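Below, chains carry the letters A, B, ... as their sequence lines are ordered, and counting in each starts from 1. If you're wondering where the values come from, they're calculated on a predicted model, not measured in any experiment.
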Amino acid sequence: MKIATWNINGVRARIENAVAWVREAQPDIVGLQEIKTVDEGFPAAAFEDLGYNVAVHGQKGFNGVALLSKLPFDEVNRGLPGDSTDEQARFIEGVFSVPSGALRVVSLYLPNGNPIGTEKFAYKLAWMERLRRWAAERLLTEEPLVMGGDYNVIPEPRDAKDPSLWTGDALFQPESRQALRAIENLGFTEALRATTDEGGLYTFWDYQAGAWQKNNGIRIDYLLLSPRAADRLVSVGIDKHVRAWEKPSDHVPVFVELAL
DNA sequence: ATGGTTGGCACCCAA
């Protein structure tokens with residue numbers, strides 16, 4: 001079972017890339033982030049034609065997440081619990097039937113939080129605490145859970161080409177990194193770090209200042225695995241080559257292979 | 001080099 005996450009930065013502007021990558025990678029389940037459209041604007045037919053079921057949690061202009069799945073959805077949950085006033089579409093959960101039972105897959109778009117010292121940074125940290133509480137509750141099910149997404153947190157210095165560029169950025173604040181560790185410490189395995197200690201593995205390169213050409217990247221997209229999912233981990237990959245395509249997203253897909 | 005690029009939308013905002 002191949003499960004992927006990809007911040008696509010506008011699914012309508014990126015539909016040709018998206019279809020090309022799905023055809024090439026043949027993932028079973030994909031979480032998309034920053035689709036930047038309402039539900040009705042999502043190009044579902046393009047993915048249905050490739051054999052996928054589609055679940056969308058959209059928003060006008062900004063944010064928005066979706067799940068594509070070759071398996072039928074048994075259940076879909078939209079929105080991160082914990083704040084009924086939050087109108088930002090950043091979280092969707094799908095439940096699927098696999099031979100071993102239920103599989104839960106999340107597509108999340110964690111708030112960027114810049115600039116620090118503003119309500120945006122406070123919202124980021126509050127959102128992360130909500131995610132921690134939600135995840136703690138889900139772990140009680142002892143089912144395989146895969147939380148993939150754009151976490152907007154650089155976990156460690158080795159996850160940036162030049163960490164000094166990010167010292168004042170919300171993505172690399174001690175509070176952001178600590179909040180990420182608090183989620184992982186519930187018992188999650190960050191898939192890529194379960195397989196390698198290598199630095200220099202990035203998932204995002206800014207459009208500006210020739211970041212891609214200079215390989216000035218950061219690793220902010222990953223998949224957290226519950227213990228039952230981590231037990232089944234076979235491999236992890238980053239589809240870096242997609243960043244070199246015409247009209248690319250500034251993020252690339254990340255995927256895990258699980259033996260479920 | 002405190003720069004510059006993109007998507008969505010409607011004039012700048014978010015990233």
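Which of B:dA14, B:dT5, B:dG7 sits closest to the side chain of A:Q208 comes down to B:dT5. The nucleotide whose nearest atom lies closest to any side-chain atom of A:Y207 is, among B:dG4, B:dT5, B:dA10, B:dT5. Minimum atom distance to the side chain of A:N112 is reached by B:dA15, of the listed B:dT5, B:dC13, B:dA15. You'll find that the side chain of A:F62 is closest to B:dA14, out of B:dA14, B:dG4, B:dA15.
Residue A:N216 contributes atom CG, which lies 19 Å from atom P of B:dA15 at whole-angstrom precision. At whole-Å resolution of the value, CG in A:D169 and P in B:dA15 are 11 Å apart. In this structure, the CD1 atom of A:I220 is 9 Å from the C1' atom of B:dA15, given to the nearest Å. A:Q59 has its CD atom 13 Å from the C1' atom of B:dC13, to the nearest Å. Rounded to whole Å, the distance from CG on A:D162 to P on B:dA1 is 13 Å. For A:R243 and B:dT6, the CZ to P distance is 9 Å, given to the nearest whole Å. The distance from atom NZ of A:K120 to atom C1' of B:dA14 is 6 Å, rounded to the nearest whole Å. The separation between A:D150 atom CG and B:dA14 atom C1' is 13 Å, rounded to whole Å.
Separation of the C1' atoms belonging to B:dA14 and B:dA10 is 15 Å when rounded to the nearest angstrom. Comparing the P positions of B:dT2 and B:dC12 gives a spacing of 25 Å, expressed to the nearest Å.
Remark: A:R219 is not positioned above the aromatic ring of A:Y202, lacking an NZ or CZ atom under 6.0 angstrom from the ring centre and at most 45 degrees off the axis.
Residues A:L186 and A:R132 have side chains in contact (heavy-atom distance under 4.5 Å, counting atoms from C-beta outward).
For the residue pair A:W205 / A:D250, no side-chain donor-acceptor distance below 3.5 Å is found, with atom types taken as modelled.
Between A:W134 and A:F91, the angle of the ring planes goes over 60°, which puts this pair in the perpendicular group of the 30/60° scheme.
Residue A:Y109 is in sugar-phosphate contact alone, with no base atom involved, counting any heavy-atom pair closer than 4.0 Å across all strands shown.
Checked against A:E143 for a salt bridge (Lys or Arg N to Asp or Glu O under 4.0 Å), the options A:R104, A:R232, A:R228 give a single hit: A:R104.
Each of A:N7 and A:G61 has a nearest nucleotide on DNA chain B; the 5'-most of these lies closest to A:G61. Each of A:K214 and A:P111 has a nearest nucleotide on DNA chain B; the 5'-most of these lies closest to A:K214.
Listed by residue number, the members of residues 8-23 of chain A with any heavy atom below 4.0 angstrom from DNA chain B are A:N9, A:G10, A:R12, A:A13, A:R14.
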Assess the residue pair A:K120 and A:N112 against the criterion (side-chain contact (heavy atoms from CB on, under 4.5 Å)); give the C-alpha distance rounded to whole Å, side-chain angles, the decisive distance to 0.1 Å, and a yes or no.
CA-CA 8 Å; A:K120 291 187 175 183; A:N112 176 295; over 6 Å; no
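Residues passing the salt bridge (Lys or Arg N to Asp or Glu O under 4.0 Å) test with A:R243, sequence neighbours excluded: none.
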